Number of protein chains: 2
Amino acid sequence: MFKLNKKTEYGLLALQYMSSLQDDQVTTAREIAEKNDISLALVSKILQKLAQKKLVRSVQGAKGGYVLAKNSTNISLAEIVQAIEGPIYIFDCQKNRCTRIQACSIKGQLNAVAYKMIDYFKTIKLSDFSTEISKNKQESFQ
Amino acid sequence: MFKLNKKTEYGLLALQYMSSLQDDQVTTAREIAEKNDISLALVSKILQKLAQKKLVRSVQGAKGGYVLAKNSTNISLAEIVQAIEGPIYIFDCQKNRCTRIQACSIKGQLNAVAYKMIDYFKTIKLSDFSTEISKNKQESFQ
DNA sequence: ATAAACAAGACTATTTTGGTCCTATTTAAT
DNA sequence: ATTAAATAGGACCAAAATAGTCTTGTTTAT
Ligand code: SF4
Ligand code: SF4
């Protein structure tokens with residue numbers, strides 16, 4: 001299916017939690033895990049990836065933890081997804097050297113679609129998730 | 001990862017092939033399989049789904065096969081994906097009754113993102129894949 | 001009747017995802 | 001110095017989703 005994975009979801013929850021704290025307040029993986037009901041080991045892994053990509057800054061040692069590395073208005077959904085899931089592709093043409101790639105009549109167009117999606121994801125910022133004008137309108141839409 | 005699956009890709013190749021034929025020319029699953037180097041059994045399954053969703057029309061019996069059920073300008077990527085993969089969700093909140101759903105601070109915004117994506121997919125038509133102004137510019141874009 | 005096609009469901013294999021565990025390192029506090 | 005609380009990272013396992021096969025049945029032109 002065409003969806004973001006659970007790790008990304010947990011990452012988003014973690015980041016959202018961090019952005020809800022007072023400026024530059026360090027929080028721990030443990031606290032994030034408890035507040036969001038996610039396994040500590042798992043959320044730790046995710047935070048490590050976010051730290052590697054410099055979306056959060058880690059503070060080592062006792063009293064350590066994590067803080068957002070940038071303002072939440074400067075962290076995009078694209079960055080988050082890419083940090084956790086890796087590059088965004090629609091199809092993996094390169095992988096296993098697709099034998100159809102020469103004659104493929106759809107890859108160009110699909111590439112364009114991928115571009116557009118990434119561009120759109122870049123426009124969505126972590127801060128947008130705080131604004132949360134709580135859309136409890138859970139309409140079914142397809 | 002955030003991608004369309006192989007079945008959708010094969011479906012797209014199949015549809016693209018069908019749209020390249022003369023008006024209303026019936027083609028067979030076998031021919032589609034051979035021309036696109038996809039297993040017959042697999043592409044048959046996919047064509048069945050497309051037929052169920054009325055994107056293609058099946059012709060029973062000997063000399064039977066498949067034809068596009070509508071003009072290729074009226075078949076959207078959204079329909080194709082939904083026919084093959086089912087509803088497009090970004091996260092499956094309903095599934096397994098997510099325990100966080102009450103307090104969840106991200107689902108509203110994510111719902112909006114899903115909407116937008118589906119809307120975008122609706123604007124992309126099968127006919128766009130024929131136009132294929134062959135973007136051999138395989139730039140890396142992330 | 002036969003053969004060529006679609007229809008549909010059960011089944012299996014493979015890959016990806018989700019999740020755990022263990023060991024090492026850093027550092028504040030005592 | 002020692003301890004305890006934290007991150008870092010890799011190996012590993014389990015579960016789920018995806019990809020692909022097989023078998024049986026139905027339709028219909030010849
Ligand atoms: S068939 Fe086309 S879109 Fe699919 S993997 Fe090969 S090159 Fe890419
Ligand atoms: S945490 Fe929020 S977004 Fe994730 S599944 Fe639950 S309700 Fe949906």
Side-chain angles (χ1 to χ4, degrees), chain A residues 1-14 18 25-34 36-67 69 81 83-87 89 91-92 95-96 98, chain B residues 1-11 13-14 18 25-34 36-67 69 81 83-89 91-92 95-96 98:
Chain A
M1 217 213 280
F2 193 59
K3 60 172 205 263
L4 295 167
N5 65 29
K6 277 235 185 308
K7 287 177 185 177
T8 299
E9 181 180 340
Y10 296 157
L12 213 39
L13 287 168
M18 286 190 263
Q25 185 185 332
V26 174
T27 185
T28 66
R30 179 176 306 274
E31 184 175 340
I32 293 169
E34 285 168 357
N36 291 283
D37 193 29
I38 309 171
S39 126
L40 173 59
L42 185 50
V43 88
S44 295
K45 278 266 150 295
I46 293 161
L47 287 163
Q48 281 166 32
K49 286 191 178 183
L50 294 173
Q52 282 163 4
K53 297 292 180 179
K54 305 270 199 288
L55 300 188
V56 302
R57 185 167 54 81
S58 75
V59 180
Q60 295 279 21
K63 298 281 176 190
Y66 295 95
V67 218
V81 172
I84 297 174
E85 308 194 5
Y89 294 119
F91 289 129
D92 27 30
K95 200 168 172 184
N96 306 327
C98 171
Chain B
M1 217 214 278
F2 192 58
K3 60 171 202 265
L4 295 167
N5 66 29
K6 276 235 187 307
K7 287 175 186 179
T8 299
E9 182 182 338
Y10 296 156
L13 287 168
M18 286 189 263
Q25 185 185 332
V26 174
T27 186
T28 66
R30 180 176 303 275
E31 184 176 340
I32 293 169
E34 285 167 0
N36 290 283
D37 193 29
I38 311 171
S39 126
L40 172 60
L42 186 50
V43 87
S44 295
K45 277 268 150 294
I46 294 161
L47 287 163
Q48 281 166 32
K49 287 192 178 182
L50 293 173
Q52 283 163 4
K53 297 294 179 177
K54 305 268 199 287
L55 301 188
V56 301
R57 184 168 55 81
S58 75
V59 180
Q60 293 281 19
K63 298 283 175 186
Y66 295 96
V67 217
V81 172
I84 298 174
E85 308 194 6
I88 297 171
Y89 294 119
F91 289 130
D92 27 30
K95 199 167 171 184
N96 306 327
C98 170

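These figures come from a predicted structure and were not determined experimentally. Residue numbers begin at 1 in each chain, while the letters A, B, ... track the order of the sequences.
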For DNA chain D, whose closest nucleotide is more 5', that of B:K63 or that of A:Q60?
A:Q60
Option from A:I38, A:L12, A:L42, A:V43 for which side-chain contact (heavy atoms from CB on, under 4.5 Å) with A:K7 holds:
A:L42
Rounded to whole Å, the CD1-C1' distance (B:I46 to C:dA8) equals 15 Å
In whole Å, I'd like the distance from the CD atom of A:Q48 to the C1' atom of C:dT20.
13 Å
Distance in Å, B:K3 NZ paired with B:T8 OG1, rounded so as to fall on 0.5 Å steps
11.5 Å
Round to the nearest Å and state the distance from A:L40 atom CG to D:dT7 atom C1'.
11 Å
Atom pair distance, as rounded to whole Å: CD in B:E85 and P in D:dA16:
20 Å
B:K6 NZ to C:dT16 P, in whole Å, measures 9 Å
Non-hydrogen side-chain atoms of B:K49 and B:K45 separated by less than 4.5 Å
no
Would you state whether a donor and an acceptor, one from the side chain of A:K45 and one from the base of D:dG9, lie under 3.5 Å apart?
yes
Between P on C:dA4 and OH on B:Y66, what's the gap in Å once rounded to a whole number?
17 Å
How close or far is atom P of C:dA8 from atom CG of B:L50, stated in whole angstroms?
13 Å
Nearest nucleotide by nearest heavy atom, which residue falls closer to the 5' end of DNA chain C, B:G64 or A:S39?
B:G64
Verdict with supporting geometry, B:K6 and A:D92, side chain to side chain contact (heavy atoms under 4.5 Å, CB included):
CA-CA 9 Å; B:K6 276 235 187 307; A:D92 27 30; 4.1 Å; yes
Does B:Q52 reach a base, just sugar-phosphate, or nothing at all? Heavy atoms under 4.0 Å.
sugar-phosphate
B:I38 CD1 - D:dA19 P separation (whole Å)
12 Å
Of A:A62 and A:A41, the one whose closest DNA chain C nucleotide lies more 5':
A:A41
Is the phosphate of C:dT16 approached by A:N5 (side-chain N or O, under 4.0 Å from OP1 or OP2)?
no
